[in-house]
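Heads up: the structure comes next, in structure tokens.
Quick caveat: nothing in here was measured; it's all calculated off a predicted structure.
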2 protein chains.
Amino acid sequence: MSDELMRSGRDATATRRALVRAARRRFATDGYRATTVRQIAADAGVNVALINRYFVSKDGLFEACMLRTSDELDSQSSSRPVHFDDVIERLVAHVVNSPDGDDPLQLLLLLRSSGDENADRIRRRTLEHFTEKLAAAAGWDRDDPATDGVLLRAQLAIATMLGTVMLRASAGVEPLASAGHSELSAPLGDAFRALLVRTPGPS
Amino acid sequence: MSDELMRSGRDATATRRALVRAARRRFATDGYRATTVRQIAADAGVNVALINRYFVSKDGLFEACMLRTSDELDSQSSSRPVHFDDVIERLVAHVVNSPDGDDPLQLLLLLRSSGDENADRIRRRTLEHFTEKLAAAAGWDRDDPATDGVLLRAQLAIATMLGTVMLRASAGVEPLASAGHSELSAPLGDAFRALLVRTPGPS
DNA sequence: CTCGGATGTAAGCAGGCGCTGACTTGACGA
DNA sequence: TCGTCAAGTCAGCGCCTGCTTACATCCGAG
């Protein structure tokens with residue numbers, strides 16, 4: 001919508017960053033196909049042709065967005081929390097708004113397929129990598145005999161996050177869309193605990 | 001991909017149904033923008049121009065898909081289950097594969113926005129209507145003082161369903177994508193119970 | 001100062017898109 | 001047998017897409 005602020009031009013790396021920033025927003029909210037390179041360029045306050053200069057193609061830009069999202073998710077989960085409740089709280093915070101101050105939309109990006117084989121491979125790998133990180137953070141052993149069941153539960157937790165962010169940001173369903181941390185913390189925490197607690201308990 | 005079987009032509013209502021069927025598949029899996037009217041027509045084994053004849057525009061066809069999905073979800077939840085566990089089981093079945101033998105993709109359709117104002121309004125209304133149905137089926141009172149919290153939890157359950165279907169069908173994340181009812185029933189049931197049980201319990 | 005590479009710009013191409021309007025085909029009653 | 005009208009076909013329009021190419025501008029090294 002609005003131009004990137006104070007772009008003075010003639011700074012290649014800044015231009016690249018502005019493009020990736022704008023592209024991530026568009027790709028996450030509108031989807032790959034619905035996003036046009038002219039929109040992205042306008043959002044970044046940059047000439048359209050620079051997308052092809054710096055990223056070769058629209059696919060290339062999408063791939064760059066995926067890589068950056070992958071990196072961020074990785075670095076965010078590298079400082080491992082000690083307590084199980086920290087993991088839960090971190091997941092909740094991820095849904096409400098992304099911890100590093102950027103949009104929670106980086107998660108949405110993981111749902112968007114481009115049709116390009118390479119970018120989509122990165123997407124799937126990031127998703128599965130994120131799964132393993134979550135499973136590990138929840139205190140599961142990778143060599144556990146029931147690893148598949150563990151990963152399944154971690155992926156269901158991620159699915160809950162993705163679905164929630166989608167309903168909030170993209171569909172705008174009420175009252176979920178305008179709920180804040182105080183309203184979401186308890187029910188989301190319940191769901192995550194039910195999925196991730198080691199012994200699901202007798203029901 | 002494959003043509004509708006045994007379409008003999010010269011049957012308007014059958015043609016309309018074939019178009020909606022094919023369109024729902026495409027819209028649900030590929031998204032609105034990435035789906036072309038020529039693809040839909042080819043899938044249905046029908047001439048492209050008939051889309052405009054019967055549904056005026058691509059938007060109109062999308063709206064028709066939304067309305068049919070809305071109707072189906074409504075009729076499916078009208079035969080109200082008696083026990084709470086029946087509600088849970090029905091939600092799980094919805095994720096694994098839709099109860100009436102059709103694709104589980106009808107849920108995915110609820111995530112796809114067309115950009116058309118009218119179709120998207122239907123989408124949001126269907127989603128919110130589905131929320132209330134679920135809340136009611138879970139035994140909540142509409143006049144409960146804490147209605148917002150109730151709807152919130154119901155919507156989180158729906159978000160879990162949508163996210164799961166998305167990761168399975170669209171992203172193809174393993175092991176979630178190839179998990180069946182036996183693997184999904186327990187963890188999904190845990191999550192739904194945690195969200196929908198009347199007294200979340202002391203944790 | 002001047003030159004050359006890096007950075008940004010403008011115009012436009014080929015192709016695919018949704019959609020249209022004039023046409024043909026088929027079924028059926030008079 | 002023929003007229004009629006719904007059902008289906010076809011060619012192509014105007015537009016927008018991603019991308020390319022040729023050109024302008026800036027700035028630091030010599």
Side-chain angles (χ1 to χ4, degrees), chain A residues 3-24 26-27 30-66 112-120, chain B residues 3-24 26-27 30-66 112-120:
Chain A
D3 292 355
E4 199 81 4
L5 300 181
M6 305 298 296
R7 279 201 40 75
S8 51
R10 299 267 156 207
D11 182 344
T13 62
T15 300
R16 294 170 85 110
R17 253 186 291 126
L19 280 172
V20 170
R21 246 182 88 88
R24 283 217 309 177
R26 286 286 184 184
F27 284 146
D30 301 342
Y32 179 82
R33 201 66 172 258
T35 301
T36 71
V37 289
R38 293 176 222 264
Q39 275 182 338
I40 297 172
D43 290 352
V46 147
N47 191 285
V48 204
L50 296 181
I51 288 179
N52 299 104
R53 176 190 287 284
Y54 290 130
F55 301 96
V56 181
S57 66
K58 186 187 178 186
D59 278 332
L61 178 54
F62 184 77
E63 190 175 318
C65 292
M66 273 299 164
R112 307 296 193 178
S113 77
S114 73
D116 177 69
E117 198 51 51
N118 204 33
D120 285 352
Chain B
D3 291 357
E4 200 82 3
L5 298 183
M6 304 299 295
R7 277 202 39 76
S8 52
R10 299 268 157 200
D11 182 345
T13 61
T15 300
R16 293 171 85 110
R17 251 186 291 127
L19 279 173
V20 170
R21 245 184 90 87
R24 284 218 308 178
R26 286 286 183 183
F27 284 145
D30 301 342
Y32 179 82
R33 201 65 173 255
T35 301
T36 71
V37 289
R38 294 175 221 265
Q39 275 182 338
I40 296 172
D43 289 353
V46 147
N47 191 284
V48 204
L50 296 181
I51 289 179
N52 299 106
R53 178 192 284 283
Y54 291 130
F55 301 97
V56 181
S57 66
K58 186 186 180 186
D59 279 331
L61 178 54
F62 184 76
E63 189 176 319
C65 292
M66 274 298 165
R112 305 297 192 179
S113 80
S114 71
D116 176 68
E117 198 50 52
N118 203 33
D120 285 351

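Closest heavy-atom contact between A:N52 and A:S57: ND2-CA, 3.9 Å. Of all non-hydrogen atoms in A:N47 and A:A49, the two that sit nearest each other are OD1-N, 2.9 Å. Closest of all the heavy-atom pairs between B:K58 and B:R33 is NZ-O, 3.9 Å. Looking at every heavy atom in both residues, A:A44 comes nearest to A:L19 through CB-CD2, 4.0 Å. Smallest separation of non-hydrogen atoms from B:D116 and B:E63: OD2-OE1, 4.3 Å.
Atom CZ of B:R16 and atom P of D:dG8 are 11 Å apart (whole Å). Taking atom CG of residue B:N47 and atom C1' of nucleotide D:dG8, one finds them 6 Å apart after rounding to whole Å. Following rounding to the nearest Å, B:I40 (CD1) and C:dC19 (P) show an atom-to-atom distance of 10 Å. Rounded to an integer number of Å, the gap from CZ of B:F55 to C1' of D:dA7 is 14 Å. Spacing between atom OH of A:Y54 and atom P of C:dT9 amounts to 10 Å, rounded to whole angstrom units. If you take CG of B:L19 and C1' of C:dC19, they are 15 Å apart, rounded to a whole angstrom. Distance CG (A:D11) to C1' (D:dC27): 13 Å, rounded to an integer number of Å. A:R17 places its CZ atom 14 Å from the P atom of C:dT7, with the value rounded to the nearest Å.
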Between the protein and nucleotides 1-6 of chain D, are there any N/O to N/O pairs under 3.5 Å, and if so, what are the atom names and distances?
none

Interface polar pairs with nucleotides 15-18 of chain D, N/O, under 3.5 angstrom:
residue	atom	partner	partner atom	Å
D:dG18	OP1	A:T35	O	3.2
D:dG18	OP1	A:V37	N	3.4
D:dG18	OP1	A:K58	NZ	3.1
D:dG18	OP2	A:V37	N	3.0
D:dG18	N7	A:R38	NH2	2.7
D:dG18	O6	A:R38	NH2	3.0

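Between B:T13 and B:A49, the one whose closest nucleotide on DNA chain D sits nearer the 5' end is B:T13.
Of the residues B:R26, B:R38, B:R21, the one that meets the salt bridge (charged side-chain N to carboxylate O under 4.0 Å, His left out) test with B:D43 is B:R26.
One distance of note links SG of A:C65 with CZ of A:F27; it measures 5.5 Å at 0.5 Å rounding.
Side-chain contact of B:D59 with B:Y32: a donor-acceptor pair under 3.5 Å is present, judged by distance alone.
With hydrogens and angles disregarded, a donor-acceptor distance shorter than 3.5 Å links the side chain of B:D120 to the backbone of B:G115.
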